[in-house]
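What follows is a set of notes on a single structure, which appears directly below.
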Amino acid sequence: MAAPENTLLAHLPPPELQRLEQYLESVELQFGQVLVEFDCPIEYVYFLETAVTSTVVRTPHGETIEVGIMGAEGFVGLSLLYGVRRSNGTVVVQIPGQARRMRAADFLRQVKMHGGSCLDLLLRYANFFQVMVQQHAACNASHNIEERMCRWILLTHDRAGSDDFALTHEYLSLMLGARRATISSIAHRLKSDGIIQYKRGRLYVTDRARLEACACECYGLIEAQATRLFG
């Protein structure tokens with residue numbers, strides 16, 4: 001059995017992973033694919049591997065803003081951990097890639113009701129993700145759009161597994177709840193300073209240290225919590 005790329009699965013004791021393996025299937029996730037929808041039944045949970053997702057909130061006025069991001073450290077379908085079968089958020093694929101998915105019914109029986117090391121680890125991850133959502137909310141209210149944009153790029157860079165990844169100004173404006181013209185202006189300034197490059201819908205991180213210096217302190221706080229969870 002190949003070692004899982006998902007960090008949560010990789011941290012499970014081998015017997016526990018072997019027990020769950022029969023309920024997991026590999027899937028390829030596409031950009032923009034909605035994995036769970038707010039207030040809709042959850043059909044699958046997803047243990048992300050190379051894919052990256054955004055958890056978003058849609059306002060009554062039709063605006064979208066991101067409140068959390070997941071990569072190989074996470075899994076989609078957090079509500080099922082608490083026995084709630086309808087999702088408390090909408091999760092969209094931001095960077096296409098692979099994941100392992102499990103039917104919701106199997107998850108409830110084999111993880112939620114079974115208990116043990118897997119449930120304990122997933123609850124700890126859920127606590128981390130709640131911290132991220134809270135930090136995003138504080139960041140959106142307290143910091144300017146350039147600091148938030150740099151924080152967002154850093155979090156995506158960490159999870160993309162590469163210095164370059166697909167990203168358009170339009171998508172970034174949706175995630176940050178900002179005008180596209182504002183995003184383009186900031187991106188142009190970061191490019192002129194040699195911090196990033198972008199071409200044909202792809203963004204390249206060229207100076208990670210300076211990008212961190214431009215971001216707000218929320219990035220460091222979020223990553224410190226992730227380090228505390230996984231060591």
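Since the structure is predicted, the reported quantities are computational estimates derived from the model, not experimental observations.
Side-chain contact check for Tyr204 versus Arg202: some heavy-atom pair is nearer than 4.5 Å. Met132 is listed as a side-chain neighbour of Ile69, based on a closest heavy-atom distance under 4.5 Å. Looking only at side-chain heavy atoms (C-beta outward), Ile186 and Cys150 stay at 4.5 Å or farther from each other. Side-chain atoms of Val93 and Gln30, non-hydrogen and from C-beta on, never get closer than 4.5 Å to each other. A heavy-atom distance below 4.5 Å is not found between the side chains of Leu203 and Thr156. In this structure the side chain of Tyr198 reaches within 4.5 angstrom of the side chain of His188, judged on heavy atoms.
Distance alone, capped at 3.5 Å, places no donor-acceptor pair between the Arg151 side chain and the Cys139 backbone. The main-chain N or O of Ile196 is never found under 3.5 Å from a side-chain atom of Lys191 such that the two would form a donor-acceptor pair. The backbone N or O of Leu176 lies less than 3.5 Å from a partner atom in the side chain of Arg148, making a donor-acceptor pair. For the pair Asn144 (side chain) and Glu146 (backbone), a donor-acceptor distance under 3.5 Å is present. Of the possible polar contacts, one joining the Ser173 side chain to the Glu170 backbone as a donor-acceptor pair under 3.5 Å is found. Remark: the backbone N or O of Glu223 is paired with a side-chain donor or acceptor of Thr227 at under 3.5 angstrom. Distance alone, capped at 3.5 Å, is enough to place a donor-acceptor pair between the Arg19 side chain and the Gln110 backbone. A donor-acceptor pair is defined here as one N or O able to donate and one able to accept, closer than 3.5 Å; such a pair exists between the side chain of Asn6 and the backbone of Leu48. Under a 3.5 Å cut-off, the side chain of His11 and the backbone N or O of Thr7 do form a donor-acceptor pair.
Of the candidates Glu25, Glu21, Glu5, Glu28, Arg100 forms a salt bridge (charged side-chain N to carboxylate O under 4.0 Å, His left out) with just one, namely Glu21.
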I'd like to know whether Leu121 forms a side-chain contact (heavy atoms from CB on, under 4.5 Å) with Glu16, so could you lay out the CA-CA distance, the side-chain angles of the two residues, the decisive distance to 0.1 Å, and finally the verdict. CA-CA 12 Å; Leu121 179 60; Glu16 180 72 351; over 6 Å; no
Go through Leu9 and Leu24 one step at a time and tell me if the side-chain contact (heavy atoms from CB on, under 4.5 Å) criterion holds. CA-CA 11 Å; Leu9 295 179; Leu24 294 164; 4.1 Å; yes
For Tyr46 and Met70: C-alpha separation, side-chain torsions, deciding distance, then whether side-chain contact (heavy atoms from CB on, under 4.5 Å) applies. CA-CA 11 Å; Tyr46 297 82; Met70 287 185 188; over 6 Å; no
Tell me, with the steps shown, if Arg180 and Leu172 meet side-chain contact (heavy atoms from CB on, under 4.5 Å). CA-CA 8 Å; Arg180 180 175 175 176; Leu172 194 49; over 6 Å; no
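Note: the hydrophobic cluster containing Leu108 also contains Leu122 (ILVMFWY, side chain heavy atoms under 4.5 Å, direct or indirect links). Both Phe165 and Ile183 are assigned to one and the same hydrophobic cluster, defined by single-linkage of ILVMFWY side chains at heavy-atom distances under 4.5 Å. Residues Tyr44 and Val27 are members of one and the same hydrophobic cluster, defined by side-chain heavy-atom contacts under 4.5 angstrom among Ile, Leu, Val, Met, Phe, Trp and Tyr. Hydrophobic clustering (side-chain heavy atoms under 4.5 Å, transitive across Ile, Leu, Val, Met, Phe, Trp, Tyr) groups Val133 together with Val91. In the hydrophobic clustering of this structure, Leu78 groups with Tyr23; members are Ile, Leu, Val, Met, Phe, Trp, Tyr whose side-chain heavy atoms approach within less than 4.5 Å, directly or through other members.
Between Ile195 and Cys214 the shortest heavy-atom distance is CD1-SG, 3.8 Å. Between Val205 and Leu211, the shortest heavy-atom contact is CG1-CD2, 4.1 Å. The two residues Leu29 and Ala51 make their nearest non-hydrogen contact at CD1-CB, 3.9 Å. What you find for Leu80 and Ala104 is that their closest heavy atoms are CD1-CB, 3.6 Å. Of all heavy-atom pairs between Leu119 and Val111, the closest is CB-O, 3.8 Å. Here the shortest heavy-atom pairing between Tyr171 and Gln94 reads OH-CB, 3.4 Å.
Note that the CD1 atom of Ile222 and the CD atom of Gln134 stand 11.0 Å from one another [nearest 0.5 Å]. The CG atom of Leu221 lies 5.0 Å from the CD atom of Gln135; values are rounded to the nearest 0.5 Å. Once rounded to the nearest 0.5 Å, the distance linking CD1 of Ile145 with CZ of Arg179 reads 11.5 Å. Within the model, atoms CZ of Arg208 and CD1 of Ile153 stand 11.0 Å from one another, a figure rounded to the nearest 0.5 Å. We find the CG-SG distance between Leu155 and Cys218 to be 9.5 Å, quoted to the nearest 0.5 Å. The structure places CZ of Arg210 at 9.0 Å from CG of Leu190, a figure rounded to the nearest 0.5 Å.
Of the charged side-chain nitrogens involved, none lies within less than 4.0 Å of a carboxylate oxygen, so that Arg101 and Asp106 do not count as a salt-bridged pair.
Applying the salt bridge (Lys or Arg N to Asp or Glu O under 4.0 Å) criterion to Glu217, with sequence neighbours excluded, gives no partner residue. Shown here are the side-chain contact (heavy atoms from CB on, under 4.5 Å) partners of Glu37, two or more places apart in sequence or in another chain: Val34, Cys40, Arg58, Thr90. For Glu147, the salt bridge (Lys or Arg N to Asp or Glu O under 4.0 Å) test picks out no residue, with sequence neighbours left out. In this view, Asp163 satisfies the salt bridge (Lys or Arg N to Asp or Glu O under 4.0 Å) rule with no residue, not counting sequence neighbours.
Applying the ring pair (Phe, Tyr, Trp, His ring centres under 6.0 Å) definition to pairs two or more places apart or across chains, those involving residues 115-136 are Tyr125-Phe128. Legend: side-chain hydrogen bond (donor to acceptor under 3.5 Å, both in side chains) pairs involving residues 65-89, not counting sequence neighbours, sorted by first then second residue: Ser54-Glu66, Glu66-Trp152, Glu73-Arg159, Ser79-Asn88.
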